[in-house]
Structure formats: C-alpha cells, structure tokens
Amino acid sequence: EIANTEFARDLPQSNKSRDPYVSAVLADAPAGFWRLNDRGTTLARNSAGRPHGLYRGDVEFTTRVRPTSESEYAAAFDGINDYIEVERDEKLNAEDCTIEGWIRVGGRRRDFASIVTSRNDSGRTAGYIVYVSPAGNLQLWTGDGSQWAQLDGPYVVSDDWRHFAATFQRMRTGAGGVLTGIACLYLDGELVARRESMSYVPLTEYTRPLRIGAGATETPQPLYYFSGNASDVAVFAHALTGDQIGSHVQSAIARPETTR
C-alpha cells in the first residue's frame with residue numbers, strides 16, 4: 001500500500017475546463033480522473049479529487065496529444081518499468097463500473113499489456129483488468145472468484161489516438177458475493193463487444209492499488225507493462241451508457257487533432 005504521506009497535498013479541483021472532453025467526463029462524476037499530463041512532478045493528479053497517483057519508473061511525456069486536448073503533454077510508457085500507482089480506494093472498485101481513456105499503441109508485443117489494472121490473482125481472483133493482448137486486441141478481464149472472465153474487443157494498435165471504454169453493470173449477486181452482469185467494450189465511442197452473464201468480484205477484500213500502465217497489483221513488482229501513450233484515464237463507480245461514452249468522444253473530435 002502507498003503511504004498516505006505521499007499523497008498529502010490537496011490540489012484545487014474544478015468541473016470547469018477549456019477542454020470540452022474534460023468537461024464532459026467531469027460532468028458524469030468519475031471516481032478518479034488522471035489527465036497524465038504532469039510533466040515535472042512525480043504526482044499524477046486526480047482531477048476528480050482523491051486519490052492522486054505516483055509516477056514510477058521513468059515515465060516521459062509526449063507533445064503529441066489526443067484530439068482537442070488543451071494540455072501540452074500526454075504520458076509515454078516504455079513497456080519496461082514505467083507505470084502509475086494509485087492507492088486503494090473503494091470507489092475505484094465498485095460493483096458497477098466504467099474504465100475509459102485514450103491510448104496510442106505501437107507495434108505488437110510478446111505479452112499482455114495492462115492499460116488499467118485493479119486486481120487480485122493470489123488465491124481468490126477479483127477485480128478488473130483492461131488489457132491490450134499480445135495480438136493487439138482490446139480486452140476486459142474480471143475476476144470471478146476462481147478464474148478470469150474475458151471479453152475480447154478489436155485490434156487497437158495504431159499510430160493514432162484511440163478512445164477505449166469498458167463497463168460492467170450488475171444484474172444480480174450470487175453466492176460468495178460473485179456478481180453477474182453485462183460487460184461492454186467501446187472503441188472510439190462505438191460498442192464493439194458485449195457479454196451478458198459475465199461474472200465479477202469487486203476488489204473489496206484486498207488492499208491492492210490501482211495501476212495505470214502496468215498490472216499484477218497483488219505483487220509489489222508490477223508485470224504486464226504497457227508500451228505507448230496514454231491520456232485522460234478515468235474510473236467511474238457506475239456503468240456509463242453508450243450515449244454517455246459516445247458524447248465523451250464526440251466532445252473530443254470537434255476540432256482536428258492537435259500536434260505541438
């Protein structure tokens with residue numbers, strides 16, 4: 001667990017932004033929203049409040065930012081030891097949830113690459129993972145108490161920025177707290193995969209951080225490092241609708257992509 005003293009600084013937050021995408025995300029009340037534009041500091045600021053995160057390894061920043069971004073920078077992960085660690089917070093591990101953000105993924109990889117992970121794989125499986133698979137496909141994994149349920153999406157390796165979103169909406173609760181619900185994957189605002197009766201155990205019984213750019217949150221040393229760029233990663237304690245996700249994307253493509 002990350003020491004609270006590392007996150008002691010309160011930062012001013014506002015739902016007002018010159019960036020239409022940021023305004024759209026904040027309007028839907030995320031539990032966490034990390035812009036990943038924090039050049040010159042080790043603190044990954046949470047624009048939704050707390051918890052903030054910490055940059056680990058040697059995360060660099062690119063000036064090629066996502067469409068309509070008012071920011072000058074986005075995070076660049078080397079796939080070797082770069083990641084962001086966010087201390088555990090219950091609202092980041094809700095029964096209904098959404099994980100969304102922007103990525104640029106270059107080339108194929110030999111292993112899974114975690115965009116966002118909050119999981120336990122030691123004993124009982126629990127939590128969620130958003131992966132880029134070795135073949136370059138977007139995936140959502142959820143722990144069901146004994147193994148991993150999986151939802152497969154399309155190929156996402158591209159030199160262009162792509163918006164992803166993964167949602168889980170609980171339908172019922174079974175024995176041992178195992179949830180059954182509807183899981184969806186979206187790419188660039190379009191529904192690309194849906195699975196009904198997907199099982200999920202929220203990560204509530206374990207003290208695990210959330211990681212952006214790496215996985216295996218049950219171990220001190222991460223695995224499954226992400227190689228590429230990421231920006232504006234958000235986690236919601238509710239399942240966004242397809243219309244809400246689509247409106248987020250539309251707000252970011254009102255103007256041509258900015259390259260500085």
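The CD atom of E70 sits 12.5 Å away from atom OH of Y21, with the distance rounded to the nearest 0.5 Å. Remark: L203 CG to E90 CD distance equals 10.5 Å, nearest 0.5 Å. For the atom pair CH2 of W148 and OG1 of T125, the computed distance is 5.5 Å after rounding to the nearest 0.5 Å. Of the inter-residue distances, the one linking W141 atom CH2 with Q147 atom CD reads 10.5 Å to the nearest 0.5 angstrom. Separation of atoms CD (E100) and CD (Q244) is listed at 9.5 Å; rounding is to 0.5 Å. Atom CG of D28 sits about 6.0 Å away from atom OG of S247, to the nearest 0.5 Å.
Not one N or O on the side chain of N46 forms a donor-acceptor pair closer than 3.5 Å with the backbone of W34. A distance-only check finds a donor-acceptor pair linking the side chain of T142 to the backbone of S199 [under 3.5 Å]. At least one donor-acceptor pair closer than 3.5 Å links the side chain of T98 to the backbone N or O of H238. Proximity of a side-chain donor or acceptor of E190 to a complementary backbone N or O of L187 within less than 3.5 Å is not detected. Panel note: side chain T41, backbone L43; a donor-acceptor pair is recorded below 3.5 Å. S118 places no side-chain N or O within 3.5 Å of a backbone atom of L210 that could act as its donor or acceptor partner. With hydrogens and angles ignored, the 3.5 Å screen pairs no side-chain donor or acceptor of R39 with any backbone N or O of F61. Judged by distance alone, the side chain of D232 and the main-chain N or O of W102 form no donor-acceptor pair under 3.5 Å. Checking side-chain atoms of D96 against main-chain N and O of A239 turns up no donor-acceptor pair under 3.5 Å. Counting only distance, with no hydrogens or angles, the side chain of D243 and the backbone of G246 share no donor-acceptor pair below 3.5 Å.
At a threshold of 4.5 Å between side-chain heavy atoms, the hydrophobic network of Ile, Leu, Val, Met, Phe, Trp and Tyr places M171 and V201 in two separate groups. No continuous path of hydrophobic side-chain contacts links I84 to I129 [ILVMFWY only; heavy atoms under 4.5 Å]. If you chain together hydrophobic residues whose side chains sit under 4.5 Å apart, F77 and V157 fall into the same group. Cluster membership for L92 and I99, using ILVMFWY side-chain heavy atoms within less than 4.5 angstrom, is shared.
Between I115 and I212 the shortest side-chain heavy-atom distance does not fall below 4.5 Å. Side chains of R88 and P209 form no contact here, defined as non-hydrogen atoms less than 4.5 Å apart. Here the side chains of V233 and L36 are in contact, with some heavy-atom distance below 4.5 Å. Using a 4.5 Å cut-off on side-chain heavy atoms (C-beta onward), Y224 and T117 make no contact. Y128 places a side-chain heavy atom less than 4.5 Å from the side chain of V235. Proximity of S231 to R35: side-chain heavy atoms (C-beta onward) are nowhere separated by under 4.5 Å. Between F236 and T167 the shortest side-chain heavy-atom distance does not fall below 4.5 Å. Side-chain contact between V22 and H248: absent, with no pair of heavy atoms (C-beta onward) separated by less than 4.5 Å.
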CA sep, side-chain torsions, deciding dist, call: Y225, Y83, side-chain contact (heavy atoms from CB on, under 4.5 Å): CA-CA 7 Å; Y225 290 98; Y83 66 103; 3.8 Å; yes
Run the salt bridge (Lys or Arg N to Asp or Glu O under 4.0 Å) check on D82 and R56 step by step: do they pass? CA-CA 6 Å; D82 292 348; R56 306 291 199 188; over 6 Å; no
What verdict does the side-chain contact (heavy atoms from CB on, under 4.5 Å) test give for F164 and L185, after you've listed the backbone C-alpha separation in whole Å, the side-chain angles of each residue and the deciding distance to 0.1 Å? CA-CA 7 Å; F164 74 90; L185 282 172; over 6 Å; no
Under the side-chain contact (heavy atoms from CB on, under 4.5 Å) rule, what do S133 and F112 come out as? Steps first, then yes or no, please. CA-CA 5 Å; S133 75; F112 292 94; 4.0 Å; yes
In sequence, state the C-alpha distance, the side-chain angles, and the governing distance for D58 and E60, and then conclude on side-chain contact (heavy atoms from CB on, under 4.5 Å). CA-CA 6 Å; D58 189 23; E60 296 184 350; 4.2 Å; yes
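Between the side chains of N137 and Q139, no donor N or O sits under 3.5 Å from an acceptor N or O. Judged by distance alone, the side chains of E218 and N120 never bring a donor and an acceptor atom under 3.5 Å apart.
Taking a cutoff of 4.0 Å between a charged side-chain nitrogen and a carboxylate oxygen, D144 and R124 do not qualify as a salt bridge. Under a 4.0 Å N-O distance rule, the pair D188/R162 qualifies as a salt bridge. Of the charged side-chain nitrogens involved, none lies within less than 4.0 Å of a carboxylate oxygen, so that E72 and R64 do not count as a salt-bridged pair. Salt bridge absent: R208 and D121 never bring a charged side-chain N and a carboxylate O closer than 4.0 Å. For E85 and R211, the salt-bridge test passes: some basic side-chain N is under 4.0 Å from an acidic carboxylate O.
Across D89 and P51, no two heavy atoms sit closer than the pair OD2-CD, 3.7 Å. Nearest heavy atoms, G153 versus A193: CA-CB, 4.4 Å. In plain terms, the two heavy atoms of A48 and P30 that are nearest each other are CB-O, 3.5 Å. P154 and V192 get closest at one heavy-atom pair: CD-CG2, 3.4 Å. Heavy-atom minimum distance, C184 versus R194: SG-CG, 4.0 Å. Residues Y200 and C97 approach most closely at OH-SG, 4.2 Å, considering heavy atoms.
Remark: of the listed residues I103, I253, I245, I245 is the sole one forming a side chain to side chain contact (heavy atoms under 4.5 Å, CB included) with H163.
Y131 and F226 have their aromatic ring centers separated by at least 6.0 angstrom.
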